[in-house]
Amino acid sequence: MLNVKNITFGYRKTNVLNDVSFSVSKGEHLSIIGESGSGKSTLLKLLYGEYDLSEGQIIWNEKKILGPNYNLVVGYDFIKYVSQEFDLMPFTSVEENVGKFLSNFFPKEKKNRINELLEVVELEDFAKFKVKNLSGGQKQRVALARAIAKEPEIILLDEPFSHIDNFKKQSLRRKLFRHLKEKKITCIVATHDKGDVLGYADSMLVLHDSMIETYGSPQTLFTNPKTPLIASFFDEFNLIDDTIVYAHQLKVVDKSEIEVVVKQSYFKGHYFLIESFFNNEIIFFEHSNCLANNTKVCIDFK
Ligand code: ADP
Ligand code: MG
């Protein structure tokens, strides 16, 4: 169990995080979301022991996680942290990077483990490549493989798929998160991508104004978003009489009190997002077909 108790931290005078508390159980997958600059990376770095807290404490089981004032070497063996910068060894091969923390004592086991890891991140064909010759997305995958190589108790991932293209992202997410669940590795992921959260995270925490704006399961937060910030993370929405209404909660009907004028239709794959005017206010709703600009239609709740 990871226990974060009332932590406060700032790089300078102003606090980036203010009185933040939460806990994560073994094998749980927690997503940390928030706008750029909201302190997601800072929080992960604090969990890793990269900085000293101004106040509060972080405890993993019985062990206190401490910063550089108390530790000669930053970090802990049982935690792996994949930063947004990866920190790889550029002039050595992919397999050497992945195997960096694995013992040389059992060369055959080491080789097998490296192959298994390369399979998880789909880099089998690049084992002998030097890291400096890889693309950003490939480097990120090497960093992920290296972090899980020795099965840490906790893994901290900072926007783990941000450099990976859409072609690979879906399958890589499934493989990596399934792997972590199977090994019961506690996983904390900072992200601004709902694709990293929905379908994978057990719980999520929203950072805003240096505090936790809300905490709960993705289902609860999606179904009942308490603030526009939370709704905007998930989907297009409207504020109607101070109530958050997702675009997918509205539909075109034959007759209703709400007659709107279509401003623009956006192709979204299996549906169109329609931007419309209702008394000078913008209303978004979803529709199966494209609607021509300036068409008048009635909409209502589903
Ligand atoms: P996020 O990951 O959510 O985008 P960060 O944790 O990187 O946010 O940053 C939170 C705030 O702390 C920002 O205002 C950022 O400018 C500031 N910050 C981050 N790193 C440093 C640093 N090393 N020194 C000073 N300020 C920093
Ligand atoms: Mg960040």
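Note that ligands are numbered from 1 as they come in the structure, with each ligand's atoms numbered from 1 the same way. Small disclaimer: the values here were computed from a predicted structure and weren't measured.
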Task: Under-4.0 Å heavy-atom contact between protein and atom 22 (C) of ligand 1 - done: yes
Task: Sub-3.5 Å N/O-N/O distance, Gln84 and ligand 1 - done: no
Open item on the list: Below a 4.0 angstrom heavy-atom separation, can you tell me which part of Val16, side chain or backbone, both or neither, approaches ligand 1?
Closed with: side chain
TODO: Step by step, work out the salt bridge (Lys or Arg N to Asp or Glu O under 4.0 Å) result for Glu286 and Lys268.
DONE: CA-CA 9 Å; Glu286 290 184 5; Lys268 291 284 180 181; over 6 Å; no
Open item on the list: Just checking: Thr42, one of its N/O/S atoms, less than 2.8 Å away from the Mg ion (ligand 2), yes or no?
Closed with: no
TODO: Please work out whether any backbone atom (N, CA, C, O) or any side-chain heavy atom from C-beta onward of Arg12 is under 4.0 Å from ligand 1, and answer side chain, backbone, both or neither.
DONE: side chain
- [ ] Answer with yes or no whether the side chains of Ser256 and Asp300 bring together a donor and an acceptor at under 3.5 Å.
- [x] no
TODO: Check the pair Asp87, Arg146 against salt bridge (Lys or Arg N to Asp or Glu O under 4.0 Å), reporting the backbone distance first and the verdict last.
DONE: CA-CA 11 Å; Asp87 313 322; Arg146 193 179 65 175; 5.9 Å; no
Task: Gln84 and Ser162: side chain donor to acceptor below 3.5 Å - done: no
Open item on the list: Running the 4.5 Å side-chain criterion over Ile, Leu, Val, Met, Phe, Trp and Tyr, what cluster does Ile59 land in, apart from itself?
Closed with: none
Open item on the list: Among all the protein's heavy atoms, is there at least one whose distance to atom 16 (O) of ligand 1 comes out below 4.0 Å?
Closed with: no
- [ ] Could you pull out, from Gly37, Gly10, Ser210, the option with a heavy atom nearest to atom 4 (O) of ligand 1?
- [x] Gly37
Open item on the list: Can you tell me if Ser38 contacts ligand 1 (heavy atom of the residue under 4.0 Å from the ligand)?
Closed with: yes
Open item on the list: Quick one about Ser210 and Asn15 (side-chain donor to acceptor, distance below 3.5 Å, no hydrogens or angles considered), yes or no?
Closed with: no
Open item on the list: Students should be able to answer this: which protein heavy-atom is nearest to atom 6 (O) of ligand 1, and at what distance?
Closed with: Thr42 OG1, 2.5 Å
